[in-house]
Amino acid sequence: MPSQERFAKGPIALFECMQQIPCNPCADACPRGAITVKEINDCPSLNEELCNGCGVCMTHCPGLSIFVVDYTYGKDAALVKIPYEFSPLPEAKTVVDALNRQGQWIGTAQVIRVQTSPNKTNIIWLSVPRELAMEVRSIRLRKQSGNMSSP
Ligand code: SF4
Ligand code: SF4
C-alpha cells in the first residue's frame with residue numbers, strides 16, 4: 001500500500017496480486033522499471049517513487065490484479081483505473097454502477113475514458129467519490145445512463 005505522502009503526489013499503481021503464482025509480465029511491461037518480482041512465484045513489489053501511474057502494467061496483467069488510483073484528480077473525486085474484459089465496453093461520460101471486490105453495488109462512477117489496445121486488457125478510467133477510491137474495483141453498465149441514484 002503506498003504511503004499517504006505518495007498518494008498526495010499523484011497517480012500510482014496498486015497491486016492486489018496476493019497469490020504466489022509463477023507470473024511477472026507486469027515487471028517486464030513497466031517502462032520505468034518500477035516493478036520487481038524477485039522470484040517468479042513472488043508477489044510483485046513496487047518502487048513508488050518510480051511509478052507514475054501510467055497503467056501500462058495493467059494492460060499486461062492476466063490476473064486483472066492491478067489498479068491505478070489518483071487522489072489528486074479533484075477536490076471531491078478520485079480517478080480510479082480498472083482493467084475491464086467484458087463486452088460491450090462502456091462509453092465515455094456515462095454513469096455506471098460502482099462495484100466492490102465482491103461485486104456488490106457501492107455507488108456510482110462516471111466513465112472518463114475507455115482505453116483500448118489490440119490484444120491487451122482494456123482499461124476504464126473512472127471518476128469516483130474520494131471515499132470510494134479504495135473500494136471500487138469493477139463496474140456494471142446501466143441500461144440508461146445519467147441516473148446517479150442507487151438501482
Ligand atoms: S503504472 Fe506505469 S510506472 Fe507504475 S508500475 Fe505500472 S507501468 Fe510502471
Ligand atoms: S502480471 Fe498481474 S498477476 Fe502477474 S505478477 Fe504481475 S500483478 Fe500479479
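FYI, the numbering just counts along the sequence from 1. First listed ligand is number 1; within each ligand, the first listed atom is number 1.
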*Would you mind finding which of Pro11, Gly53, Cys57 brings a heavy atom closest to atom 6 (Fe) of ligand 1?*
Cys57
*Examine distances only and state if a side-chain atom of Trp125 and a backbone atom of Ser127 form a donor-acceptor pair shorter than 3.5 Å.*
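No; zero donor-acceptor contacts below 3.5 Å.
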*Contact partition for Ile35 relative to ligand 2, non-hydrogen atoms under 4.0 Å*: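 No part of Ile35 comes within reach of ligand 2.
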Run the numbers for me: atoms of ligand 2, each under 4.0 Å from some heavy atom of [X], listed by number.
| X | result |
| --- | --- |
| Pro62 | 1 (S) |
| Pro25 | 1 (S) |
| Cys23 | 1 (S), 3 (S), 4 (Fe), 5 (S) |
| Cys61 | 1 (S), 2 (Fe), 3 (S), 7 (S) |
| Cys17 | 3 (S), 5 (S), 7 (S), 8 (Fe) |

*Could you confirm whether Cys26 has any N/O/S atom lying under 2.8 Å from atom 8 (Fe) of ligand 2?*
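Coordinating: no.
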*Which of the atoms of ligand 1 are close to Gly55, meaning less than 4.0 Å from one of its heavy atoms?*
1 (S), 2 (Fe)
*Salt bridge between Glu48 and Lys9, side-chain N to carboxylate O under 4.0 Å?*
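Here Glu48 does not pair with Lys9 in a salt bridge, since their nearest N and O are not under 4.0 Å apart.
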*Is Pro31 near ligand 1, meaning one of its heavy atoms is under 4.0 Å from it?*
yes
*Indicate if Leu99 and Met134 have the same hydrophobic cluster label, given that clusters are the connected sets of ILVMFWY residues with side-chain heavy-atom separations under 4.5 angstrom.*
no
